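In what follows, a single structure is set out as structure tokens and then discussed.
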Amino acid sequence: MCDGEEPCARCVSRDISETCHYDVNVKTAKEDLIRMVKDLEEQNTGLQGTNEELQDKYEGMRVRHDDYKEKAARIESILAALRANGQGDEIIRRLKEGQTYRQISHWLGRPVVDDVDMLSPTSERKLIEALKRSGQASPDYFELPISVDLIEKWTAVTTDQRLVQHLLALYFTWIHPVHMFFSEALFLESFHSGDTKYCSSSLVNALCAMSCVIFDEHEDVPALSLAQEFLEQAETAIRREGQSSFPTFQALAIMFLVELSIGSGARAWPYLRLAADSINSVVLSNAPLEAQRIYLQGIETLDATWAWFTYQISTPPVNNKAAPFPDGEPDVPPTLWKFYRTENDREAADIPSFEMETARERAKLYTLVQKTVNLFCGSDGNISARSLMQIYREFLSWKTSLPPVLVRGNPASAQLPHVLLLHMEFHAGIIHLFHPLSTCEKFILQFREQLQRFLLDHARAGLDLAASYASQYSSRYQLPVHSFCLLNFSEIILRYDPESAVTSDLIGFCLEAFDQAGAGFKICRPLLHMFLKTVRGCGLGIPGEHARFNVPSRECDDEELLKACGRLTTNQPVTEIMERIEPTMAQDLAEEWQKLTHEHSSGRRNSTSESMLKINALLND
């Protein structure tokens with residue numbers, strides 16, 4: 001039988017394949033032709049769609065190219081004015097005030113350079129260097145053009161200039177002033193010049209991944225999916241780079257923050273360990289001393305933060321060469337801060353950031369946090385009143401020794417979110433130091449009640465700061481440590497003052513804060529679960545207007561809690577702590593508190609709380 005092939009099997013078997021010819025059935029040929037026409041029509045439709053998409057992309061690239069030409073021309077006009085030596089001081093002053101390149105070039109009144117293609121590709125770098133030589137604040141780096149070639153050098157995730165600039169702006173607005181691992185000016189100088197001294201592919205990708213956590217969405221790509229792409233790129237880059245560059249160590253620290261933020265604290269921890277272990281590496285020791293100091297204080301603070309979250313002692317190796325708190329001012333240019341959320345905020349007014357001062361004081365504060373964790377969770381000896389009160393003295397000394405610009409209420413820094421957070425962390429640190437004693441039966445009931453009121457004072461002060469943060473910036477940008485502090489403030493208030501007239505408002509505020517932050521910071525889901533558990537444990541209910549939180553979908557199982565922070569709760573292990581309290585704690589604490597009160601009354605301490613004096617009276621009853 002003929003199988004329709006040429007030659008067919010039958011003719012081949014009969015050895016007449018040369019004369020074999022098959023006439024295709026007319027109906028079959030017509031069906032094939034119709035099918036072919038339909039396929040071509042579909043291909044044509046697809047090509048038309050592709051053509052339209054390419055035209056749209058071309059138009060977008062043309063617009064961005066025009067923007068680039070305008071920016072480059074205006075920057076070149078500013079550089080020309082600086083070279084003329086007639087208006088340099090005024091230009092620097094205006095940059096320090098936060099004026100953009102458009103405003104300054106308009107003030108100069110100089111014609112915008114027409115032949116932009118002849119401009120130096122490093123015009124923006126020249127402007128940065130001119131500003132650094134002036135010793136004034138850094139300019140608005142996000143107004144500087146970024147070429148596609150430059151983006152491709154650092155990441156394979158995107159070539160979208162606006163997206164990269166947006167992610168940089170978000171990072172340096174909300175993340176960097178709190179978790180500082182490098183100099184902003186040095187990083188951006190290397191980034192824009194394509195130099196790998198203070199920048200690397202792994203660092204750029206890690207930085208962008210972290211920014212995606214506070215970035216709602218990009219076109220049709222969910223922000224967290226974009227974060228995962230950047231994170232994977234960072235991991236790939238580290239495998240390629242090896243742990244042989246300073247920026248790679250900094251990338252590891254940021255990757256820890258990314259994983260923690262998206263609710264994977266258990267997965268995040270190895271990144272922190274690698275970053276901490278790098279402190280004594282040869283690569284780090286060869287870096288400039290100031291860069292070492294910034295990284296050292298940043299990584300030790302981050303390590304102490306994680307120990308605070310998990311109540312596990314963690315002691316990174318110490319680099320003695322680069323003391324984290326050197327005398328004198330840091331040898332890096334001061335920077336500016338603006339309230340940036342979207343591209344519409346690019347023209348917002350700039351103010352001094354005081355980020356270096358904040359980072360230094362935060363690192364000092366976290367040495368006390370680490371001491372508290374070590375005191376309660378150490379394995380050598382009992383917990384004595386003297387050791388506890390020594391840490392409290394150091395907390396008070398830290399507060400009274402703050403630089404004037406960081407003192408609460410100073411108008412120069414009152415609008416800075418990282419300064420608000422710094423004061424929140426102080427109150428949370430005091431709470432963690434004394435909270436275990438508030439249930440200790442070695443003390444008389446009146447003392448425990450007074451100590452609870454002392455803790456309430458700090459919890460309310462911390463909550464007021466959290467509310468101020470939310471009212472100014474919303475809770476969308478509150479970092480994991482911010483949420484952790486809020487959880488602890490609310491627990492103290494709900495446990496020790498559940499009948500307060502503002503309890504309902506407190507519960508509502510916390511629910512909304514965790515929910516808003518949880519849009520990107522997925523760590524807030526288990527923290528919200530812990531908060532709801534505290535509310536119910538205090539015999540309280542969810543206000544009616546927040547009933548949407550009172551559903552099973554808001555609950556987390558043990559596996560999710562362990563994945564998030566390695567423990568089922570962020571509460572202190574009070575039972576274990578009580579077992580290590582010295583038998584003479586009550587009597588010894590009375591004596592130590594008496595000494596502290598005497599120091600205060602003698603003027604050896606600048607300030608202390610009224611609650612401390614009341615506690616002293618009770619201890620001497």
Side-chain angles (χ1 to χ4, degrees), residues 308 365 368-369 371-373 375-376 383-400 402 408 422-467 484-503 506 534 538 571-572 574 577-578 581-582 585-601 604-621:
W308 198 10
L365 178 63
L368 306 182
V369 169
K371 286 182 180 181
T372 302
V373 175
L375 174 68
F376 289 145
I383 299 169
S384 68
R386 176 175 294 182
S387 58
L388 186 144
M389 289 301 292
Q390 178 57 36
I391 295 175
Y392 182 49
R393 282 184 171 86
E394 292 180 38
F395 269 110
L396 293 178
S397 177
W398 176 89
K399 184 70 179 293
T400 57
L402 279 175
R408 182 77 182 117
L422 179 69
H423 288 278
M424 286 176 61
E425 290 169 312
F426 165 76
H427 291 293
I430 295 292
I431 288 171
H432 272 250
L433 182 61
F434 285 104
H435 186 209
L437 300 185
S438 64
T439 59
C440 181
E441 295 183 356
K442 290 183 174 66
F443 298 103
I444 61 174
L445 178 61
Q446 291 92 330
F447 168 75
R448 295 201 303 271
E449 290 176 345
Q450 185 58 49
L451 184 55
Q452 290 167 10
R453 286 190 283 273
F454 172 77
L455 294 173
L456 278 168
D457 287 344
H458 282 282
R460 288 172 180 142
L463 186 65
D464 286 344
L465 290 164
F484 176 70
C485 290
L486 180 60
L487 183 66
N488 285 276
F489 298 148
S490 61
E491 180 187 5
I492 293 295
I493 296 173
L494 293 178
R495 289 193 184 281
Y496 297 146
D497 193 18
E499 303 300 324
S500 171
V502 298
T503 297
L506 165 64
T534 298
C538 294
N571 292 340
Q572 292 170 282
V574 174
I577 292 173
M578 288 300 98
I581 294 288
E582 284 192 347
M585 171 64 83
Q587 178 181 348
D588 294 344
L589 187 60
E591 294 176 1
E592 291 295 325
W593 213 292
Q594 177 73 24
K595 291 179 184 177
L596 184 58
T597 304
H598 177 71
E599 292 169 4
H600 168 66
S601 61
R604 292 170 61 187
R605 296 289 175 191
N606 292 331
S607 66
T608 189
S609 69
E610 183 179 346
S611 298
M612 186 177 71
L613 301 177
K614 293 179 180 177
I615 290 174
N616 181 68
L618 282 171
L619 285 168
N620 285 281
D621 281 348

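Here the structure is a predicted model, which is why all the values come from computation and not from measurement. As a basis for the values below, the full set of heavy atoms in this structure was taken, side chains included, without hydrogen atoms, waters or symmetry mates.
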Next item on the list: With the side chain counted from C-beta on, respond yes when Lys399 and His423 share a heavy-atom pair under 4.5 Å apart, and no when they do not.
Entry: yes
Next item on the list: Determine the minimum heavy-atom distance between Ile430 and Leu455, stating which atoms define it.
Entry: O-CD2, 4.4 Å
Next item on the list: Check Leu433 against Phe395 and note the closest heavy-atom contact, atom names and distance.
Entry: CD2-CD1, 4.1 Å
Checklist line | Approximate separation, where rounding is to 0.5 Å, of Ile383 CD1 and Ile577 CD1 | finding: 6.0 Å
Checklist line | Leu437 to Met578 - nearest heavy-atom pair and separation | finding: N-CE, 4.5 Å
Next item on the list: In plain terms, say whether Arg453 and Asp497 are close enough for a salt bridge, that is, a side-chain N and a carboxylate O under 4.0 Å apart.
Entry: no
Next item on the list: State, to 0.1 Å, how close Thr439 and Arg448 come at their nearest heavy-atom pair, and which atoms those are.
Entry: C-CD, 3.9 Å
Checklist line | Aromatic ring pairing His435/Tyr496, orientation class (parallel under 30°, perpendicular over 60°, tilted between) | finding: perpendicular
Margin query: Let me confirm one number: the CZ-CG distance from Phe376 to Leu388, rounded to the nearest 0.5 Å.
Written below: 5.0 Å
Next item on the list: Inspect the contact between Glu591 and Arg386 and indicate whether a charged nitrogen and a carboxylate oxygen are less than 4.0 angstrom apart.
Entry: no
Next item on the list: Please determine, by modelled atom types, if Gln390 and Glu394 share a side-chain donor-acceptor pair under 3.5 angstrom.
Entry: yes
Checklist line | Name of the residue among Val369, Asn488, Val373, Leu368 meeting side-chain contact (heavy atoms from CB on, under 4.5 Å) with His432 | finding: Asn488
Margin query: Just verifying a value: how many Å separate Leu494 CG and Cys538 SG, rounded to the nearest 0.5 Å?
Written below: 5.5 Å
Margin query: I'd like to know if Arg393 pairs up with Glu592 as an ion pair, taking the criterion as any Lys NZ or Arg NE/NH1/NH2 lying under 4.0 Å from an Asp or Glu carboxylate oxygen.
Written below: yes
Note to self: Show the nearest heavy-atom pair for residues Ser384 and Met585, with the distance to one decimal.
What the structure shows: C-CE, 3.7 Å
Checklist line | Pairwise distance CE(Met424) to SG(Cys485) - rounded to 0.5 angstrom | finding: 5.0 Å
Notebook entry, point to check: Under the 3.5 angstrom rule, does the side chain of Gln452 hit a backbone N or O of Ser438 as a donor-acceptor pair?
Noted result: yes
Notebook entry, point to check: For Ile493 and Thr503, what are the C-alpha separation, side-chain angles and deciding distance, and is it a side chain to side chain contact (heavy atoms under 4.5 Å, CB included)?
Noted result: CA-CA 8 Å; Ile493 296 173; Thr503 297; 5.7 Å; no
Check: Once you round to the nearest 0.5 Å, how far does OG1 of Thr534 lie from CD of Glu491?
Finding: 5.0 Å
Next item on the list: Check step by step if side chain to side chain contact (heavy atoms under 4.5 Å, CB included) holds for Leu463 and His427.
Entry: CA-CA 9 Å; Leu463 186 65; His427 291 293; over 6 Å; no
Next item on the list: Evaluate side chain to side chain contact (heavy atoms under 4.5 Å, CB included) for Tyr392 paired with Met389, printing each intermediate quantity in order.
Entry: CA-CA 5 Å; Tyr392 182 49; Met389 289 301 292; 3.9 Å; yes
Item checked: Spacing of Glu425 atom CD and Phe484 atom CZ [to the nearest 0.5 Å] -> 10.5 Å
Item checked: Nearest non-hydrogen partners of Ala428 and Trp308, listed with the distance -> CB-CH2, 3.6 Å
Note to self: Working note: Arg460 + Phe489, criterion side chain to side chain contact (heavy atoms under 4.5 Å, CB included); need CA distance, chi angles, decisive distance, verdict.
What the structure shows: CA-CA 7 Å; Arg460 288 172 180 142; Phe489 298 148; over 6 Å; no
